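Structure record follows, encoded as structure tokens.
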Amino acid sequence: MPVDFSGTWNLVSNDNFEGYMVALGIDFATRKIAKVLKPQKVIKQDGDSFHIHTTSTFRDYLLEFKVGQEFEEDNKGLDNRKCKSLVTWENDKLVCVQTGEKKNRGWTHWLEGDDLHLELRCENQVCRQVFKRA
Ligand code: YOG
């Protein structure tokens with residue numbers, strides 16, 4: 001059985017989100033608001049088809065993709081840069097490479113015990129987020 005990330009997940013820890021946002025060029029005022037948010041992720045997975053909705057009191061972000069199929073991502077409401085994104089499986093980890101203006105940009109999701117992990121990468125910064133089921 002493949003991994004199933006489906007569910008509603010609440011952020012419980014967010015290590016170096018500030019460094020990640022600085023690397024993305026997010027301005028000070030926006031970072032101040034963003035760093036106190038406790039976003040929720042609603043993930044709907046049907047095999048290799050994903051719908052990941054990240055919601056917060058400030059902004060929402062919806063991403064839909066199929067594993068192995070490159071797509072244009074607009075990062076609207078985040079840093080607003082466009083990139084080409086490709087998500088693949090690396091064993092049970094879901095790995096996204098976001099090719100564009102920013103070097104080394106991407107993220108990885110995996111499950112560990114009852115927790116959902118997300119590593120966000122941009123340039124030389126790594127943000128580590130942990131979510132628990134709502
Ligand atoms: O997740 O791409 O699950 O898309 C990254 C925020 C903050 C807005 C959130 C809103 C990057 C202001 C999405 C936070 C900082 C700061 C809630 C991470 C940029 C702007 C939306 C992400 C993937 C994997 C799916």
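All residue numbers in this chain count up from 1 along the given sequence. Since the structure is predicted, the reported quantities are computational estimates derived from the model, not experimental observations. What you see below is based on every heavy atom in this structure, not just the backbone, and it leaves out hydrogens, waters and symmetry mates.
- Put simply, the side chain of Leu118 reaches to within 4.5 Å of the side chain of Leu120, judged on heavy atoms.
- A distance of 11.0 Å separates CD in Gln98 from CG in Leu86, rounded to the nearest 0.5 Å.
- For the pair Glu18/Arg31, a side-chain contact is recorded, criterion being any heavy-atom separation below 4.5 Å from C-beta on.
- Between the side chain of Arg59 and the backbone N or O of Gly77 there is at least one donor-acceptor pair closer than 3.5 Å.
- Contact check on Lys82 versus Glu72 returns no salt bridge, with no Lys/Arg side-chain nitrogen under 4.0 Å from an Asp/Glu carboxylate oxygen.
- Listed by chain and residue number, Thr99 satisfy the side chain to side chain contact (heavy atoms under 4.5 Å, CB included) test with Val97 (two or more places apart in sequence, or in another chain).
- Residues satisfying the side chain to side chain contact (heavy atoms under 4.5 Å, CB included) test with Asp48, not counting sequence neighbours, are Val67, Trp89.
- Residues satisfying the side chain to side chain contact (heavy atoms under 4.5 Å, CB included) test with Glu101, not counting sequence neighbours, are Arg81.
- In this structure, SG on Cys96 lies 9.0 Å from CZ on Arg105, to the nearest 0.5 angstrom.
- Looking at heavy atoms from C-beta onward, Leu11 lies out of side-chain contact with Gln40 at the 4.5 angstrom threshold.
- If you take CE on Met21 and OG1 on Thr30, they are separated by 9.0 Å, rounding to the nearest 0.5 Å.
- Counting heavy atoms from C-beta on, the side chains of Cys127 and Asn14 come closer than 4.5 Å.
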What verdict does the side-chain contact (heavy atoms from CB on, under 4.5 Å) test give for Glu90 and Thr108, after you've listed the backbone C-alpha separation in whole Å, the side-chain angles of each residue and the deciding distance to 0.1 Å? CA-CA 9 Å; Glu90 286 186 13; Thr108 301; over 6 Å; no

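- Atoms SG and CD, from Cys83 and Glu73 in turn, are 4.5 Å apart once rounded to the nearest 0.5 Å.
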Given salt bridge (charged side-chain N to carboxylate O under 4.0 Å, His left out), test Lys44 with Asp4 step by step and report yes or no. CA-CA 9 Å; Lys44 292 173 187 168; Asp4 189 1; over 6 Å; no

List the steps, then state whether side-chain contact (heavy atoms from CB on, under 4.5 Å) holds for Leu62 with Ile52. CA-CA 6 Å; Leu62 174 64; Ile52 303 181; over 6 Å; no

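- For the pair Lys76 and Asp60, the salt-bridge criterion is not met [side-chain N within less than 4.0 Å of a carboxylate O].
- Scanning both residues, Gly7 and Arg133, for their nearest heavy atoms gives CA-NH1, 3.9 Å.
- Legend: residues meeting side chain to side chain contact (heavy atoms under 4.5 Å, CB included) with Asn124, ordered by chain and number and at least two apart, are absent.
- The cluster map of Ile, Leu, Val, Met, Phe, Trp and Tyr, joined by side-chain heavy atoms under 4.5 Å apart, puts Ile43 and Val130 in different clusters.
- Remark: the backbone N or O of Gly19 is paired with a side-chain donor or acceptor of Asn16 at under 3.5 angstrom.
- Note: the hydrophobic cluster containing Phe65 also contains Phe5 (ILVMFWY, side chain heavy atoms under 4.5 Å, direct or indirect links).
- The ring-ring contact (aromatic ring centres under 6.0 Å, His included) pairs that include a residue from residues 7-43 number zero, where partners must be two or more places apart or lie in different chains.
- The backbone N or O of Glu119 lies less than 3.5 Å from no partner atom in the side chain of Arg128, so there is not a single donor-acceptor pair.
- Cluster annotation: Val3 is connected to Leu116 through the hydrophobic network of ILVMFWY side chains, with a link wherever side-chain heavy atoms come within less than 4.5 Å.
- Judged by distance alone, the side chains of Lys41 and Thr54 do bring a donor and an acceptor atom under 3.5 Å apart.
- Asn104 and Glu123 are not linked by any side-chain donor-acceptor pair at a separation below 3.5 angstrom, with hydrogens and angles left out of the test.
- At least one side-chain heavy atom of Asp79 sits less than 4.5 Å from a side-chain heavy atom of Ile26.
- Side-chain atoms of Asp27 come within 3.5 Å of backbone atoms of Ala29 as a donor-acceptor pair (strictly under, hydrogens ignored).
- One finds no salt bridge joining Lys132 and Asp114 here, because no Lys/Arg side-chain nitrogen approaches an Asp/Glu carboxylate oxygen to under 4.0 Å.
- Placement of Leu78 and Leu63 within a single hydrophobic cluster is found when ILVMFWY residues are connected by side-chain heavy-atom separations under 4.5 Å, directly or transitively.
- Looking at heavy atoms from C-beta onward, Val87 lies in side-chain contact with Leu94 at the 4.5 angstrom threshold.
- A 4.5 Å side-chain heavy-atom check between Leu24 and Val22 finds every atom pair outside the cut-off.
- Between Asn80 atom CG and Asp74 atom CG the span is 8.0 Å, to the nearest 0.5 Å.
- For residues 98-134, the set of pairs meeting the ring-ring contact (aromatic ring centres under 6.0 Å, His included) definition, not counting sequence neighbours, comprises Trp107-His109, Trp110-His117.
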